[in-house]
Amino acid sequence: MRLRLEASRLLDIADRLEAGERLSFDEGMRLFEAPDLLAVGWLANRERERRHADQTFFNQNIRIEATNVCVASCLFCAFARLKPGDPGAYTMSLEEAWDKVRDREDQALTEVHVVNGLHPDLPFSYYVELLQGFKRIRPNVHLKCFTAVEIAFFADLYGMSDEQVLRELMDAGLDSLPGGGAEIFAERVRRKISHDKCGTERYLAIHRTVHQLGMRSNVTMLYGHIETPAERLDHMLRVRDLQDETEGFQAFIPLAFHPDNNQMRKLPAPTAADTLRVHAVARLMLDNVSHIKAFWIATGVDVAQTALWFGADDLDGTVHEERIYHMAGARTPEVMTTHEIGRLISAAGRQPIERDTLYNVLSVTA
Ligand code: SF4
């Protein structure tokens, strides 16, 4: 491998990583530009195995998207509908949302993951009662709910500070925040693809507050559309900076752009090679974030399996009823059983570990 690394001008980077040194922006650019994808993957895999050996994490979770009514107009979004009553618009009653959890009484769910559109008319009590109801039905379930974009929207709509919103939701049962809504932090891209929702500074400030309040969160990056490699790196380095400060991010989750049924449908979807490289570069740049997640719904199952050798150590979970990606054309299944997800991980030559949201190990498959 040293010969290959040398041929790709990556040997100095390999040595610096071996010495535990942090990579710079320019070194990240070289990782994106190196023609030998397998050499980049080899480096990322070495870092992944240094942290987690063969372990590959997943959990038993359910996704609930309680409404797709959204006042924002992100160009990549196939999920949102502008107004209640528009074709395809829906808003679950609280009972309907709670039923999603009640109906899985016989399953060992450990996490409820909620992400919604930015609905202009629902009262704040809807979200508070949503969480309270989930906890009533399943007191031990972990509630990972509402992106930073939703938190900012609630604060503006209901006349509260971001911190007040978070505190009230915590009182109602909120345990952590998902990483959605990050898209790409670079202003040039954000202005074009999601100009009318919470900006980068506020997204990061909300995650800082989340961490200061004692909760953990994840962070995503939507890649494969109009962003450049430099803008991907800028995104990763902003995550790294905040993580140096708070240590509150658990996982970095690259999200593949899907071009169907949205305003960017003329663009091609990212290739498997691009997806593998993004996961690998993320593993190499984000030395202070424990987990790189290959979200199988977005990457496709086969690519997610391969990503387990390109830096990723987590496959998200069993998921159930995901709509955001499927409305954008994802052809992945909407659910996998724990048996299926374990089999996929084993078939990729890795060891399946069922975890809870906070990465406590629940069971290990031999
Ligand atoms: S990505 Fe989120 S905020 Fe943007 S339009 Fe879709 S639902 Fe609304």
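Values below: every heavy atom of this structure, side chains too, minus hydrogens, waters and symmetry copies.
Separating the CE atom in M221 from the CZ atom in F252 is a distance of 4.5 Å, to the nearest 0.5 Å. How far CG of L122 is from CG of N116: 8.5 Å, rounded to the nearest 0.5 Å. Interatomic distance, N218 CG to K293 NZ, rounded to the nearest 0.5 Å: 5.0 Å. L130 CG to W98 CH2: the interatomic distance, rounded to the nearest 0.5 Å, is 7.5 Å. L204 CG to T209 OG1: the interatomic distance, rounded to the nearest 0.5 Å, is 11.0 Å. Here the OG atom belonging to S176 is positioned 6.0 Å from the NZ atom belonging to K144, to the nearest 0.5 angstrom.
In this structure a side-chain-to-backbone donor-acceptor pair under 3.5 Å is present from N68 to F79. A donor-acceptor contact shorter than 3.5 Å links the side chain of Q243 to the backbone of F249. At least one donor-acceptor pair under 3.5 Å links the side chain of R104 to the backbone N or O of K100. When atom types are taken as modelled, the side chain of E168 and the backbone of V128 share no donor-acceptor pair closer than 3.5 angstrom. Under a 3.5 Å cut-off, the side chain of N262 and the backbone N or O of F76 do form a donor-acceptor pair. Remark: side-chain polar atoms of H142 are not paired, donor with acceptor, to backbone N or O of T110 under 3.5 angstrom. Listed for the K135 side chain is a donor-acceptor partner under 3.5 Å among the backbone atoms of V141. No donor-acceptor pair under 3.5 Å is formed between the side chain of S217 and the backbone N or O of L177. Of the possible donor and acceptor atoms, none in the side chain of E47 sits under 3.5 Å from a partner among the backbone N and O of A44. Put simply, the side chain of R240 never gets that close to the backbone of V289: no donor and acceptor are under 3.5 Å apart.
You'll find the side chain of I13 stays beyond 4.5 Å of the side chain of R16, heavy atoms only. Between T220 and F295, the closest side-chain pair of non-hydrogen atoms is not below 4.5 Å. H235 places none of its side-chain heavy atoms less than 4.5 Å from the side chain of E183. The shortest distance between side-chain heavy atoms of E150 and L118 falls below 4.5 Å. L233 is listed as a side-chain neighbour of V281, based on a closest heavy-atom distance under 4.5 Å. Looking at heavy atoms from C-beta onward, R63 lies out of side-chain contact with I297 at the 4.5 angstrom threshold. For the pair M336 and F58, the minimum side-chain heavy-atom distance is 4.5 Å or more. Within the 4.5 Å cutoff, the side chain of Q212 has no heavy atoms near those of the E163 side chain.
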**R9 and D36: CA distance, side-chain angles, deciding distance, salt bridge (Lys or Arg N to Asp or Glu O under 4.0 Å) verdict** = CA-CA 10 Å; R9 294 197 317 111; D36 190 341; over 6 Å; no
**Message:** Apply side-chain hydrogen bond (donor to acceptor under 3.5 Å, both in side chains) to residues R48 and T56 and explain how you reach the verdict.
**Reply:** CA-CA 10 Å; R48 179 250 204 254; T56 296; 2.7 Å; yes
**Request:** Decide yes or no on side chain to side chain contact (heavy atoms under 4.5 Å, CB included) for V71 and F153, but give the supporting numbers first.
**Result:** CA-CA 10 Å; V71 296; F153 179 74; 3.7 Å; yes
**Request:** Show your reasoning for whether side-chain hydrogen bond (donor to acceptor under 3.5 Å, both in side chains) applies to Y203 and T147.
**Result:** CA-CA 9 Å; Y203 177 97; T147 66; over 6 Å; no
**Request:** Tell me, with the steps shown, if Y126 and M92 meet side chain to side chain contact (heavy atoms under 4.5 Å, CB included).
**Result:** CA-CA 10 Å; Y126 174 89; M92 293 178 192; 4.3 Å; yes
**Request:** Give the intermediate values and the outcome of side chain to side chain contact (heavy atoms under 4.5 Å, CB included) for residues T228 and R188.
**Result:** CA-CA 10 Å; T228 62; R188 179 193 77 88; 4.1 Å; yes
**Asked** When you look at L131 and F146, which way does the side chain to side chain contact (heavy atoms under 4.5 Å, CB included) test go after all the steps?
**Response** CA-CA 11 Å; L131 300 185; F146 313 124; 3.9 Å; yes
**Request:** Evaluate the criterion salt bridge (Lys or Arg N to Asp or Glu O under 4.0 Å) for residue pair D156 and R202; output intermediate values, then yes/no.
**Result:** CA-CA 12 Å; D156 295 345; R202 193 161 177 199; 3.0 Å; yes
**Request:** Just do the side-chain hydrogen bond (donor to acceptor under 3.5 Å, both in side chains) check on S73 and D196 with the steps written out, would you?
**Result:** CA-CA 7 Å; S73 50; D196 54 358; 2.8 Å; yes
**Request:** In sequence, state the C-alpha distance, the side-chain angles, and the governing distance for D314 and Y359, and then conclude on side-chain hydrogen bond (donor to acceptor under 3.5 Å, both in side chains).
**Result:** CA-CA 10 Å; D314 189 302; Y359 287 85; 2.7 Å; yes
**Message:** Checking D234 against R238 for the salt bridge (Lys or Arg N to Asp or Glu O under 4.0 Å) test, could you report, in this order, the C-alpha distance in whole Å, the side-chain angles of both residues, the deciding distance, and whether it holds?
**Reply:** CA-CA 6 Å; D234 167 74; R238 293 200 212 200; 3.2 Å; yes
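When all heavy atoms of V69 and P84 are compared, the pair lying nearest together is CG1-CD, 3.8 Å. Considering every non-hydrogen atom in both M1 and W42, the closest pair reads CG-CD2, 3.4 Å. Across all their heavy atoms, V114 and P178 have their closest contact at O-CG, 4.3 Å. What you find for A307 and A294 is that their closest heavy atoms are CB-CB, 4.0 Å. Closest approach of W296 and L315 over heavy atoms only: CD1-O, 2.9 Å. Considering all non-hydrogen atoms of both residues, V278 and R232 come closest at CG2-NH1, 3.3 Å.
T357 and E111 share a side-chain donor-acceptor pair at under 3.5 Å.
Ion pairing of D121 with K83 is absent here, as no side-chain N (NZ or NE/NH1/NH2) approaches a carboxylate O to less than 4.0 Å. Taking the charged nitrogens against the carboxylate oxygens, R102 and E95 do have a contact shorter than 4.0 Å, which makes a salt bridge.
Listed by first and then second residue, the side chain to side chain donor-acceptor pair (under 3.5 Å) pairs that reach into residues 277-292 are R22-D287, D244-N288, H291-D313, sequence neighbours excluded. Residue pairs satisfying the salt bridge (charged side-chain N to carboxylate O under 4.0 Å, His left out) criterion with at least one member in residues 204-216, sequence neighbours excluded, are listed as follows: R208-E245.
Hydrophobic clustering, with ILVMFWY side chains joined whenever heavy atoms are under 4.5 angstrom apart, groups F57 together with V364. Under the 4.5 Å side-chain contact rule for hydrophobic residues, L358 and L362 do not share a cluster. With hydrophobic clusters built from ILVMFWY side chains whose heavy atoms lie under 4.5 angstrom apart, L82 does not share a cluster with Y90.
Around CD of E201, the count of heavy atoms belonging to other residues, nucleotides or ligands within 6.0 Å does not exceed 12. Residue E33 places its CD atom among more than 12 non-hydrogen atoms of other residues, nucleotides or ligands, all under 6.0 Å distant.
Looking at residues two or more places apart in sequence or on another chain, you find a side-chain hydrogen bond (donor to acceptor under 3.5 Å, both in side chains) between E49 and N45, R350.
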